[in-house]
Student: 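Before we start, here is the structure in question, set down as structure tokens.
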Number of protein chains: 2
Amino acid sequence: MSRKGEQSREHILGAARELVMEKGFAGTAIDDILRRAGVSKGAFFHHFGSKAELARELVRWHAGQDIEMFRTLAARAEATHDDPYDQLLMFLQGFEAYISNPEQPSRGCMYAVYTYENAQFDEQVRGIVAEVLREWTAIYIRKFQEVLDVHPPRMEVSARQLAEMIVSIIEGALVLQRAYGKPDMTARQSRHFRDYLALLFDKPAQASAA
Amino acid sequence: MSRKGEQSREHILGAARELVMEKGFAGTAIDDILRRAGVSKGAFFHHFGSKAELARELVRWHAGQDIEMFRTLAARAEATHDDPYDQLLMFLQGFEAYISNPEQPSRGCMYAVYTYENAQFDEQVRGIVAEVLREWTAIYIRKFQEVLDVHPPRMEVSARQLAEMIVSIIEGALVLQRAYGKPDMTARQSRHFRDYLALLFDKPAQASAA
DNA sequence: CATTGAACGTACCAATCGGTCTGTTTCCGG
DNA sequence: CCGGAAACAGACCGATTGGTACGTTCAATG
């Protein structure tokens, strides 16, 4: 049931995702979304009670997507390697492949969009954004702690520091990628971070995809 | 002459800067700016021909501020140290002090705001944003090249890679800082990058402000 | 085949938006 | 002290905005 209905909802969310990523949330009018999604105003307000609710559902959608990607990449890495360091490297390589995928029209981080339009949103939306970024960091912290427990680093460093660094790098690289149109910026930065890890944990730089 | 006029202009730009940083550019109505700046609509359109022109002037203002900061910090660093590595470290420490200044209500990067609302702006504005970020990167590239010319790194790395990395880290840290309200995130990330440099160039970690 | 509720489509609305127009005040050189 | 330009102030305007009202389609169910 509600096959058609779900489809419209998806179209609206898809169009909203594209447009918000192009023009920001406040800069995207509902009519813009209707035009791109090819649905009517009635359809929109049938599925979403208000623009604010769209904001919530949109950020929830992204949160779901990202969690799925994280889980998939992490599971694959953990199934392939025993050493947490190798797992981490493979995870990052997987992320680089994902973010470099040219079909993916994302080209930016939706949480950053929301963050920089902070005052537009209610406490709930802000909470979700903070939650997701915190969760990302937490996942990295756990993994880095595993690495640190096994491999002594060449200098004193905390799992939190490393985790926050990789998240910062990715977020920042996505900004630069957009700002001066270098589509491979994010993947390159992630690769450079892997090089840093190799140096930090005194591992030979293994063959990484050029 | 035009003392009062300049003052109004500054007030408008100041209010716009605050509001745009809170709600984004599209999310900030001209009337909002008028209210906060305490000026009338007539005053606004006397100084700025349109909202788009305000966008241009606002980004130009930031570009000017940032160039000044860069020049000041760089000059001080170069006056204090001869070694480009020491200069770079001092520059970064200066930046950390600047960005941690609690009186500074900036709390974010205006270029990131513009970048994530890309489609709102004309080619000129986008050009300025890309230009500034490129210039930042270029300055870092030159300095890192000087460092690399003198100090052999422990692994192969290009000046461009390092330059793009520090810019990414700062941009990303500013996002995280906002997203989950950690006012010291940016300075901490910069410090961690300095630790990375210490490792990379095999320098003893010198006493850094906790 | 009638009923019903989900899934629309569309005309419409009040509020807000960026921007204009028409004055008035303020300043400053001659 | 005068004249003109810069620097406002604020009423006003058409377009756009998020949102509503109300009618229609359609598929499933009894």
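Each chain gets a letter, A, B and so on, in the order the sequences are listed, and its residues count up from 1. Below, each value reflects all heavy atoms present in this structure, side chains not excepted, and no hydrogens, waters or symmetry copies.
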Student: Hey, can you tell me if A/Phe193 and A/Tyr196 have their rings parallel, tilted or perpendicular (30° and 60° cut-offs)?
Tutor: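 Aromatic pair A/Phe193/A/Tyr196 classed perpendicular.
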Student: In whole angstroms, how far is the C1' atom of D/dG19 from the CG atom of A/Leu34?
Tutor: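 Going from CG in A/Leu34 over to C1' in D/dG19 covers 12 Å.
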Student: For the pair B/Tyr116 and A/Tyr116, evaluate ring-ring contact (aromatic ring centres under 6.0 Å, His included) and give the outcome as yes or no after the intermediate values.
Tutor: CA-CA 8 Å; B/Tyr116 272 119; A/Tyr116 271 120; 7.2 Å; no
Student: Looking at every non-hydrogen atom in both residues, tell me the closest pair between A/Leu13 and A/Leu58 and how far apart they are.
Tutor: O-CD1, 3.8 Å
Student: Among pairs that include at least one residue of residues 19-39 of chain A, which meet ring pair (Phe, Tyr, Trp, His ring centres under 6.0 Å), considering only residues two or more places apart or in two chains?
Tutor: A/Phe25-A/Phe121
Student: Determine whether B/His47 and B/Glu57 make a side-chain contact, defined as any pair of heavy atoms from C-beta on separated by less than 4.5 Å.
Tutor: no
Student: Could you tell me how far apart B/Glu10 (CD) and D/dA7 (C1') are, to the nearest whole angstrom?
Tutor: 15 Å
Student: Without decimals, in angstroms, what is the distance between A/His11 NE2 and C/dA7 P?
Tutor: 15 Å
Student: OP1 or OP2 of D/dA6 versus the side-chain N and O atoms of B/His47: is any pair under 4.0 Å?
Tutor: no
Student: Quick check on D/dC8: is either OP1 or OP2 less than 4.0 Å from any side-chain nitrogen or oxygen of B/Ser8?
Tutor: yes
Student: May I ask you to check whether B/Phe95 and B/Phe91 place their ring centers less than 6.0 Å from one another?
Tutor: no
Student: For residues 65-73 of chain A, dump all side-chain donor-acceptor pairs below 3.5 Å to protein atoms at least two apart in sequence or in another chain.
Tutor:
| residue | atom | partner | partner atom | Å |
| --- | --- | --- | --- | --- |
| A/Asp66 | OD2 | A/Tyr111 | OH | 2.7 |
| A/Thr72 | OG1 | A/Glu68 | O | 2.8 |

Student: Going by side-chain hydrogen bond (donor to acceptor under 3.5 Å, both in side chains), name the pairs with one or both residues in residues 128-139 of chain B, residues two or more places apart or in two chains.
Tutor: A/Tyr180-B/Thr137
Student: Considering residues, nucleotides and ligands other than B/Arg76, do more than 12 of their heavy atoms fall under 6.0 Å from its CZ?
Tutor: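 12 or below, so no.
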Student: Report the distance from atom NE2 of B/His46 to atom C1' of C/dT26, rounded to the nearest whole Å.
Tutor: 12 Å
Student: Enumerate all atom pairs, one protein N or O and one N or O from nucleotides 22-24 of chain D, separated by less than 3.5 Å.
Tutor:
none

Student: For the pair A/Glu117 (side chain) and A/Ala26 (backbone), establish whether a donor and an acceptor sit closer than 3.5 Å, ignoring hydrogens and angles.
Tutor: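 Yes; at least one donor-acceptor contact below 3.5 Å.
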Student: For each nucleotide in nucleotides 12-25 of chain C, reading 5' to 3', give B when a protein heavy atom comes within less than 4.0 Å of its base, S when such contact involves only the sugar-phosphate, and - otherwise.
Tutor: -----SBBB-----
Student: If we fit an axis to the first five pairs and another to the last five of the helix from C/dC1-D/dG30 to C/dG30-D/dC1, what angle do they make, to the nearest 10°?
Tutor: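 Taking the rotation axis at each end, their angle is 10°.
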Student: How long is the line joining CD of A/Gln7 and P of D/dC26, in whole Å?
Tutor: 16 Å
Student: Indicate the atoms forming the closest heavy-atom contact of B/Gln189 with A/Met165, along with that distance.
Tutor: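 Heavy-atom minimum between the residues: OE1-CA, 3.1 Å.
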